[in-house]
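Everything below concerns the one structure shown next.
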Amino acid sequence: MSSDAVVLDVVVPAFNEAERLPATLLLLRAAMAGLGVPCRVTVVDNASTDGTAEVVATALPGTVPVRLLWCGERGKGFAVRTGVLASGARYVGFCDADLATAPDNLGQVLRLLVEGVDVVVGSRAHPESVVEERHSLLRRWGAVAFRGAVRQVVRNVGETQCGFKFFRGDVARRAFAPLRCGGFAFDVEVLGRVQRAGARLVEIPVNWVDVPGSRFSPVRHGWQSFVDVAKIRWRLRRVGVAPTMPIPVVAIAVSADVTSGAATVGLRP
């Protein structure tokens with residue numbers, strides 16, 4: 001499938017995800033197949049040392065094709081940037097390889113984008129979100145402090161770190177092209193850039209489960225994320241805020257049944 005034919009491209013950054021990817025691809029592709037528009041999954045191998053690439057390369061053919069890209073520069077942000085900049089799709093987004101955020105609201109995401117929203121942000125802080133977490137008290141308090149720091153960069157957004165964000169294609173490519181933060185705070189830089197470009201942004205509720213095996217460590221990565229946010233704030237200090245950009249609305253038929261019955265607990269990784 002050529003990039004020009006793809007309506008929705010979902011980027012999945014993957015570092016040593018050979019064990020979790022098969023189930024993730026199964027559920028994600030099933031959900032996307034029910035959208036009724038040409039879709040694609042783009043897995044970006046972020047210099048894995050296991051069989052991540054082989055899992056993607058041997059994925060069974062289906063309605064939703066899967067392609068594999070390589071990113072040798074370590075960091076989730078750099079992996080997502082590689083996938084976004086390689087996509088010519090009308091709409092592009094990303095989700096985590098553990099699929100902690102269920103893809104059962106992709107239909108809502110696509111409808112919002114078609115109606116003219118530039119950025120759709122999945123948010124665990126949304127009052128309608130269903131969140132099952134097993135985080136330690138240290139991590140929960142760290143998240144509260146982090147959100148406070150982020151408010152200096154990204155305004156009026158309840159949460160920036162949920163790995164479920166989607167963009168109008170051209171808006172995404174403009175925001176990711178100058179990305180400097182490759183760590184776990186890269187979402188803050190991207191959202192800060194799209195807000196300053198005048199993008200229309202909407203937060204939506206998500207169904208999120210704390211999947212064991214997270215790559216984020218409060219001890220190893222927590223302090224670095226705060227440092228990265230400070231750098232992002234400094235980096236964007238001279239970027240002026242533009243008025244909200246006019247949005248061309250494109251009519252695309254979206255199937256009402258998003259998952260075709262595939263979004264069941266039994267298929268969760």
Side-chain angles (χ1 to χ4, degrees), residues 6-13 32 35 37 39-40 42 76-96 101-103 105-129 147 150-181 184-206 208 229 232-233 235-236 239-250 252 254 258:
V6 178
V7 173
L8 177 64
D9 199 348
V10 178
V11 177
V12 181
M32 295 173 72
L35 293 176
V37 298
C39 297
R40 178 177 62 201
T42 297
K76 180 182 176 182
F78 295 138
V80 175
R81 181 184 65 183
T82 295
V84 168
L85 297 185
S87 176
R90 184 175 298 169
Y91 309 116
V92 61
F94 64 91
C95 68
D96 292 336
T101 304
N105 55 358
L106 280 174
Q108 179 188 12
V109 168
L110 187 55
R111 280 191 290 272
L112 287 168
L113 292 170
V114 169
E115 290 168 1
V117 172
D118 293 309
V119 184
V120 180
V121 177
S123 173
R124 290 167 293 192
H126 194 286
E128 296 178 17
S129 290
R147 290 177 186 178
V150 166
R151 291 191 190 99
Q152 304 299 317
V153 182
V154 181
R155 305 301 177 94
N156 303 317
V157 174
E159 192 215 2
T160 61
Q161 300 311 111
C162 181
F164 195 77
K165 297 180 179 67
F166 295 85
F167 308 77
R168 208 177 77 188
D170 58 322
V171 172
R173 289 182 280 273
R174 287 200 300 267
F176 275 90
L179 183 71
R180 297 274 298 280
C181 177
F184 288 100
F186 81 95
D187 309 70
V188 178
E189 181 174 346
V190 170
L191 294 181
R193 289 187 182 279
V194 297
Q195 281 194 335
R196 284 158 177 76
R200 296 178 58 189
L201 186 151
V202 171
E203 280 187 277
I204 63 169
V206 295
W208 188 86
V229 169
I232 292 167
R233 183 182 179 187
R235 194 175 299 139
L236 300 183
V239 179
V241 178
T244 302
M245 59 181 67
I247 308 302
V249 178
V250 181
I252 300 177
V254 180
V258 178

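Everything quoted here is computed from the prediction, not taken from an experiment. Side chains included, hydrogens not; waters and symmetry mates left out as well; all remaining heavy atoms used. Residues take their numbers from the sequence shown, with the count starting at 1.
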Report the C-alpha separation of Ile204 and Val202 in whole Å, then their side-chain angles, then the decisive distance to 0.1 Å, and conclude whether the side-chain contact (heavy atoms from CB on, under 4.5 Å) test is met.
-> CA-CA 7 Å; Ile204 63 169; Val202 171; 4.3 Å; yes

Check: [Y] main-chain N/O paired with [X] side-chain donor or acceptor under 3.5 Å:
X      : Y      : value
Glu203 : Gly158 : yes
Arg81  : Leu179 : yes
Ser129 : Ala125 : no

Is the closest side-chain donor-acceptor distance between Asp187 and Thr160 under 3.5 Å?
-> no

Could you give the distance from [atom1] ([X]) to [atom2] ([Y]), rounded to the nearest 0.5 Å?
X      : Y      : atom1 : atom2 : answer
Leu106 : Arg111 : CG    : CZ    : 10.5 Å
Leu201 : Gln195 : CG    : CD    : 6.0 Å
Arg151 : Arg233 : CZ    : CZ    : 13.5 Å

Note: [X]-[Y] ion pair, threshold 4.0 Å (strictly below):
X      : Y      : result
Asp118 : Arg168 : yes
Glu189 : Arg193 : yes
Asp96  : Lys76  : yes

Check whether more than 12 heavy atoms from other residues, nucleotides or ligands sit under 6.0 Å from atom CZ of Arg173, and answer yes or no.
-> yes

Verify whether the ring centers belonging to Phe94 and Phe186 lie closer than 6.0 Å.
-> yes

